[in-house]
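No experiment lies behind these values; they were computed from the predicted model shown. Index from 1, following the sequence.
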Amino acid sequence: MTTPYDPAQNQPGQQPMPPTAQFPQVPAGQFPPPPGQYPPPPPGQFPPPPAAKKRPSWLLPTLIGVGVFVVLCCGGSMVIGLTSDDKKSDGVSASKEIPAVNPSTSAPSVAAPAPTTSSAAPAPAKTTAAPAPAKPKTFGIGDKVRGGDFEFTVNSVKCGISQVGSSYFNHKAQGTFCRVGVTAKNVTKSAKLFHADGTITAQDASGREYDVDGEAAIYGNDDAKGFLDEINPGNSVKANVYFDVPKGTKLKTITFDAGLFTLAEDAVVTL
């Protein structure tokens, strides 16, 4: 604050200083610099550079955190918006492809009456019975059956014979003899040896099996037929075959063995 001009302060002999002499002279048309500012530098000199302001240490981490937050918020909202747009587009396309069904038009207004069942029972469906399996063919007396290399025929059966042969040369049974007359025919293309013992067997009703009595066959046949007979192709031999069985036994079947060296099945004749 300037002191007002006091004429009493001037010494004698000095001219009083006008009030304007205390302020710097400013050219016409310019205003003096405001208080607190320095006067302009003299010509040819540059003003000193302003002092660099020190940046706060917390500013850079704060800016990075704000940027990350903005990216996360904006990116998440963008992803959610994109997925919602995809779902909306899928829903719109599905609704365009599959027309919605109006339940009021699809459902019948009046319930259909329940079907009435007639009192008469329906006719049973026709079922075709499965064909019965074919029964194996059975052979009896007089039938020709194949057994190995021979074709056999049972001609007759007689049981209850106690002795075979003459009064001088004979063979007695342990129980009783059953005599079976057979015919053996060679059906191959070469000569075959026929031996009744070991080729023909007999069975009773209880399943017991009996072999041929070879000695009785010698006494009970002319020229010992049925014992090691060699039969040429197409020829046949008739012979009596004897089985020594318990008294009262009745034979049920006669079996002709097909042999060990053939795949043919044994032939069975029911008596």
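At least one side-chain heavy atom of Phe150 sits less than 4.5 Å from a side-chain heavy atom of Lys192. Looking only at side-chain heavy atoms (C-beta outward), His171 and Phe177 come within less than 4.5 Å of each other.
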Show the numbers, then the answer: is there a side chain to side chain contact (heavy atoms under 4.5 Å, CB included) between Phe139 and Phe256?
-> CA-CA 12 Å; Phe139 300 94; Phe256 300 93; over 6 Å; no
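For the pair Arg146 (side chain) and Gly148 (backbone), a donor-acceptor distance under 3.5 Å is present. Between the side chain of Asn186 and the backbone N or O of Ser190 there is at least one donor-acceptor pair closer than 3.5 Å. Side-chain N or O atoms of Thr176 include one that pairs as donor or acceptor with a backbone N or O of Ile161 at under 3.5 Å.
For the residue pair Leu271 and Val154, the shortest heavy atom distance occurs at CD2-CG1, 4.2 Å. The nearest pair of heavy atoms linking Val212 to Ile200 is CG2-O, 3.2 Å.
Every residue two or more places apart in sequence or in another chain that forms a side-chain contact (heavy atoms from CB on, under 4.5 Å) with Thr253 is listed here: Gln203, Val268, Thr270.
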Got a list of side-chain donor-acceptor pairs under 3.5 Å for residues 226-242, not counting sequence neighbours?
from   : atom 1 : to     : atom 2 : distance (Å)
Asp229 : OD2    : Gly226 : N      : 2.5
Tyr242 : OH     : Gly220 : O      : 3.3

Output side-chain donor-acceptor pairs under 3.5 Å for residues 243-252, partner residues at least two apart or in another chain, one line each.
from   : atom 1 : to     : atom 2 : distance (Å)
Asp244 : OD1    : Gln174 : N      : 3.4
Asp244 : OD1    : Gly175 : N      : 3.1
Asp244 : OD2    : Gln174 : N      : 2.8
Thr249 : OG1    : Pro246 : O      : 2.8

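Note: Asp257 CG to Phe152 CZ = 9.0 Å, rounded to the nearest 0.5 Å. Taking CD of Glu151 as the reference point, atom NZ of Lys144 lies at 5.5 Å (rounded to 0.5 Å). Rounded to the nearest 0.5 Å, atoms CG (Asn170) and CD (Glu215) are 9.5 Å apart.
Grouped by direct or indirect side-chain proximity (heavy atoms under 4.5 Å, Ile/Leu/Val/Met/Phe/Trp/Tyr only), Ile218 sits alone.
For residues 152-167, the set of pairs meeting the side-chain hydrogen bond (donor to acceptor under 3.5 Å, both in side chains) definition, not counting sequence neighbours, comprises Asn155-Thr183. Residues in residues 148-181 take part in these disulfide bond (SG atoms under 2.5 Å apart) pairs, two or more places apart or across chains: Cys159-Cys178.
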